[in-house]
2 protein chains.
Amino acid sequence: MAHTDELYKKYGSTLSKCDLFKGMDEKQWNELLALFHEEEWPRESCFINHKKFLYHFFIIVSGRVKMYNVDDFSEKEHTLFLLKKADVFDLFCLLDGVQHQVYYECIDPLKVLAIPMDDLRSWLEKNPSYYQGFLAYAGKMMRMLEENVSQLIFTDISTRLLKLLLSNIDYGSNKLQHINDLPNKEIANLIGSTRAVVNRHLQKLKRNGSIKVSRNNVQIKDISILLKELNNQNKKF
Amino acid sequence: MAHTDELYKKYGSTLSKCDLFKGMDEKQWNELLALFHEEEWPRESCFINHKKFLYHFFIIVSGRVKMYNVDDFSEKEHTLFLLKKADVFDLFCLLDGVQHQVYYECIDPLKVLAIPMDDLRSWLEKNPSYYQGFLAYAGKMMRMLEENVSQLIFTDISTRLLKLLLSNIDYGSNKLQHINDLPNKEIANLIGSTRAVVNRHLQKLKRNGSIKVSRNNVQIKDISILLKELNNQNKKF
DNA sequence: AACCTTGTGCTACCTAGGTAGTTTACAGTG
DNA sequence: CACTGTAAACTACCTAGGTAGCACAAGGTT
C-alpha cells in the first residue's frame with residue numbers, strides 16, 4: 001500500500017479537516033484512500049454538465065473551484081459554492097445519483113483526490129456507521145442553502161456584500177481570504193448581482209476607510225467599520 | 001399490535017407516497033409504525049423555534065403546515081416550504097441533530113404521525129439499507145433549495161408567480177391545488193414578495209383571462225395563456 | 001515600444017418592485 | 001339585520017439596483 005501511505009502522508013492534515021469523514025483515524029483513512037487516486041487540473045479548466053461528476057467523487061486538496069449556474073436566457077452566472085481545500089463535490093450526485101445541472105470552473109490550478117462514485121457507495125454500505133457523518137454534512141449544506149435563500153429575500157446587496165467580506169476574514173491575520181483576489185465580476189456572481197453594482201458598493205466602503213481596492217484585489221483595512229456598517233444596514237427600516 | 005395495524009389501515013395509502021420510505025412493504029411499515037403515535041393539531045397552531053421538533057419527527061397525514069422564516073428587523077415572513085400530506089419534518093434536525101431556526105404554522109387542522117427522533121435514528125441504524133432513501137431524499141431537498149436560489153437570482157416576481165401557479169396545477173382536474181385558498185399575502189410569502197406586488201401581477205393575469213380571483217381563492221381558467229406568458233417572460237432581455 | 005486584454009471607476013438613465021394609503025367587497029357573528 | 005374584521009383592488013410615489021457606455025489603468029505579449 002505504498003500509494004496509500006504516500007497519499008496519507010501528503011494530504012493527511014487536509015483530510016482530517018474534511019467534515020464529511022469527521023473522526024476517522026489513520027488506519028481507517030488508509031483503508032479508504034486505497035480507492036482514491038490523485039488528479040491535477042489546470043487553472044480555468046471548465047466542466048459543463050460533465051458526466052465525470054456523476055461517476056466520480058472528489059476531495060479538493062489544493063486550489064479553488066467555483067460551482068455555478070447559468071441562466072439560459074440572460075446568460076448571467078451565479079456562483080453557488082466556492083469550493084476550496086477539504087471541500088468535496090459533487091455531493092448532490094453522491095446522494096441521489098442524478099446528474100447535477102451545474103458548471104464547474106477551476107479558479108486556481110487544482111489538485112483533487114478522486115474516487116469512483118460506486119466505490120464510495122459500497123464502502124459506505126460496508127461501513128454504515130459513517131452514514132451518520134454524510135447525513136450530518138447534508139444537513140449542514142441544506143442549512144447553508146436555506147441561509148442563502150433567506151439572505152436573498154431579506155437583505156439588500158450592500159448587506160450581502162458586507163456579510164460576504166466578513167465571513168471570509170481570517171481571524172489570525174485579519175486578512176481577507178478565499179475571495180481577496182477575485183475581480184468585481186466574480187464577487188458579484190457570489191452574491192447574485194452585477195459588476196457595476198458591486199463596484200458601486202465597494203467604492204463606498206473604500207471611501208469610509210474600511211477596505212482597500214486594486215486590480216483583482218480587495219484588502220481589509222478596518223473590520224470595526226465593516227461591522228458598524230452592517231449594523232446600520234439592519235437599522236434601516 | 002392492534003395499534004399498528006390500525007395506523008397502517010388508516011394511513012397506508014398516504015405512507016406509501018412518502019418519498020423518504022420509498023419501497024417499504026406492509027410488513028416493514030408495521031414494524032416501523034409500532035414506534036409512531038398519532039397527533040392532531042388545530043388550525044393556526046404556531047410553533048416558534050420549538051424544541052418539539054428537535055426530539056420528534058413527523059409525517060403529515062392530512063392538512064398543511066408552512067415552515068417559514070422571519071426577518072428579525074423587517075419582520076417580513078418567507079415561507080420556505082408548504083408541507084402537505086406525505087411530507088415530513090423536520091429533516092434538518094433529523095440529519096444533524098441541531099435545532100432548526102424556523103417557525104411552523106398549521107394552515108389547516110393537522111394530523112401527523114409522530115416518532116421520537118432517537119427511535120427513528122436507532123431504527124435506521126438497525127436497518128442501514130434505508131439510509132439510501134434518506135440520503136436520496138436529502139439530495140432532492142438540496143436540489144429544491146438550489147432551484148429556489150436560482151429562481152430568486154435569475155427571475156422576476158411575475159415569472160416566479162407564474163411558476164408557482166403552474167407547479168401547483170393538478171393535471172387530472174386542471175385545477176389549482178395546495179395554494180388555491182391562500183390569501184395574496186401568503187402567496188407573496190411563498191415567492192419572497194409583498195401582498196401589493198403579488199396582487200398587481202394577479203390583476204394582470206386576471207385581465208388576460210388566465211385566472212379568476214376572489215376572496216381567499218385563485219382559480220385557473222386557461223393554462224395555455226399562463227404558459228404563453230411564461231414564455232414571453234423569458235424572451236424579455 | 002506598441003499592442004491587446006482585462007479590470008476598474010464613474011456617469012447618466014430606467015424600471016421593477018417596495019411602500020403607504022384609501023376604497024371597496026365580502027363573509028362571519030351576535 | 002347591522003356590525004366588524006379581513007382581504008382585495010387600485011392609486012400615487014420612491015428608490016435600489018440593473019443597464020449601457022466610456023475613459024482609464026494595469027499587465028502581459030510580441
Side-chain angles (χ1 to χ4, degrees), chain A residues 43-44 71 73-78 105 107 151-162 164 179-208 211-219 229 232-237, chain B residues 43-44 71 73-78 107 151-164 179-208 211-219 229 232-237:
Chain A
R43 201 173 110 82
E44 286 177 11
D71 184 51
F73 301 95
S74 63
E75 290 183 342
K76 278 186 209 163
E77 288 186 12
H78 173 236
E105 192 184 315
I107 309 255
Q151 272 204 29
L152 286 168
I153 287 180
F154 294 135
T155 72
D156 55 19
I157 303 279
S158 65
T159 307
R160 301 217 293 272
L161 180 59
L162 282 168
L164 179 71
I179 59 163
N180 57 305
D181 59 350
L182 300 179
N184 293 183
K185 175 91 185 108
E186 288 299 335
I187 295 177
N189 289 346
L190 279 165
I191 59 175
S193 180
T194 58
R195 190 201 66 83
V197 176
V198 164
N199 186 266
R200 192 183 293 162
H201 290 290
L202 286 176
Q203 293 307 316
K204 224 162 74 185
L205 294 176
K206 194 170 89 177
R207 260 177 274 136
N208 75 22
I211 62 169
K212 224 184 93 182
V213 181
S214 57
R215 188 190 178 82
N216 288 333
N217 188 282
V218 178
Q219 284 173 48
E229 203 70 28
N232 290 341
Q233 297 295 329
N234 290 334
K235 271 176 209 140
K236 280 190 235 162
F237 56 97
Chain B
R43 202 173 110 81
E44 287 177 12
D71 184 49
F73 301 96
S74 64
E75 291 182 341
K76 277 185 210 163
E77 289 186 13
H78 173 235
I107 308 251
Q151 272 205 28
L152 286 169
I153 287 181
F154 294 136
T155 72
D156 56 19
I157 304 279
S158 66
T159 308
R160 301 217 292 274
L161 180 59
L162 282 168
K163 288 197 177 177
L164 179 72
I179 58 164
N180 57 306
D181 59 350
L182 300 179
N184 292 183
K185 175 91 187 106
E186 289 298 337
I187 294 177
N189 289 346
L190 279 165
I191 59 176
S193 180
T194 58
R195 193 200 70 78
V197 176
V198 164
N199 185 267
R200 193 184 292 162
H201 290 291
L202 286 176
Q203 293 307 316
K204 224 163 75 187
L205 294 176
K206 194 171 90 176
R207 259 177 276 136
N208 75 22
I211 61 169
K212 224 185 93 181
V213 182
S214 56
R215 188 189 180 84
N216 289 332
N217 188 282
V218 178
Q219 283 174 47
E229 203 71 26
N232 290 340
Q233 295 296 328
N234 291 334
K235 272 179 207 137
K236 280 192 234 161
F237 56 98

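All chains are named by letter (A, B, ...) in the order of the sequence lines, taking the proteins before the strands, and each is independently numbered beginning at 1.
- We find that NZ of B:Lys204 is positioned 18 Å from C1' of D:dA8, with the value rounded to whole Å.
- One can place NZ of B:Lys206 at 6 Å from P of D:dC10, the figure rounded to the nearest angstrom.
- At a threshold of 4.0 angstrom between heavy atoms, the contacts of A:Asn199 include nucleobase atoms, whether or not backbone atoms are also involved.
- The distance between atom CZ of A:Arg195 and atom C1' of C:dT8, rounded to the nearest whole Å, is 6 Å.
- Look at CD1 on B:Ile191: it is 9 Å from P on C:dG17, rounded to the nearest Å.
- One atom, CD of B:Gln203, and another, C1' of D:dT11, lie 13 Å apart when rounded to the nearest Å.
- Distance check: A:Glu229 CD to A:Thr159 OG1 gives 9.5 Å after rounding to the nearest 0.5 Å.
- Between the CD atom of B:Glu186 and the P atom of D:dT6 there is a distance of 14 Å, given to the nearest Å.
- Remark: P of C:dA16 and CG of B:Leu162 are 15 Å apart, rounded to the nearest angstrom.
- For A:Asn184, no side-chain nitrogen or oxygen approaches OP1 or OP2 of C:dG7 to under 4.0 Å.
- With hydrogens and angles ignored, no donor-acceptor pair under 3.5 angstrom links the side chain of A:Arg215 to the base of C:dT5.
- Mapping A:Val197 and B:Leu202 onto DNA chain D by nearest heavy atom places B:Leu202 closer to the 5' end of the strand.
- Phosphate proximity of C:dA16 to B:His201: absent, as no side-chain N or O sits under 4.0 Å from OP1 or OP2.
- The phosphate of C:dG18 has neither OP1 nor OP2 within less than 4.0 Å of any side-chain N or O from B:Lys76.
- Using modelled atom types and a 3.5 Å distance limit, the side chains of A:Ser158 and A:Gln233 yield a donor-acceptor pair.
- A donor N or O paired with an acceptor N or O is not found under 3.5 Å between the base of C:dG9 and the side-chain atoms of A:Arg200.
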Original post:
side chain to side chain contact (heavy atoms under 4.5 Å, CB included) between A:Ile179 and A:Val218: does it pass, once the steps are laid out?
Top reply: CA-CA 8 Å; A:Ile179 59 163; A:Val218 178; over 6 Å; no
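- Proximity of a side-chain donor or acceptor of A:Arg195 to a complementary backbone N or O of A:Ala188 within less than 3.5 Å is not detected.
- Distances shown here put a side-chain N or O of A:Ser193 below 4.0 Å from the OP1 or OP2 atom of D:dG18.
- Nucleotide C:dT8 holds its P atom 16 Å from the CZ atom of A:Arg207, rounded to whole Å.
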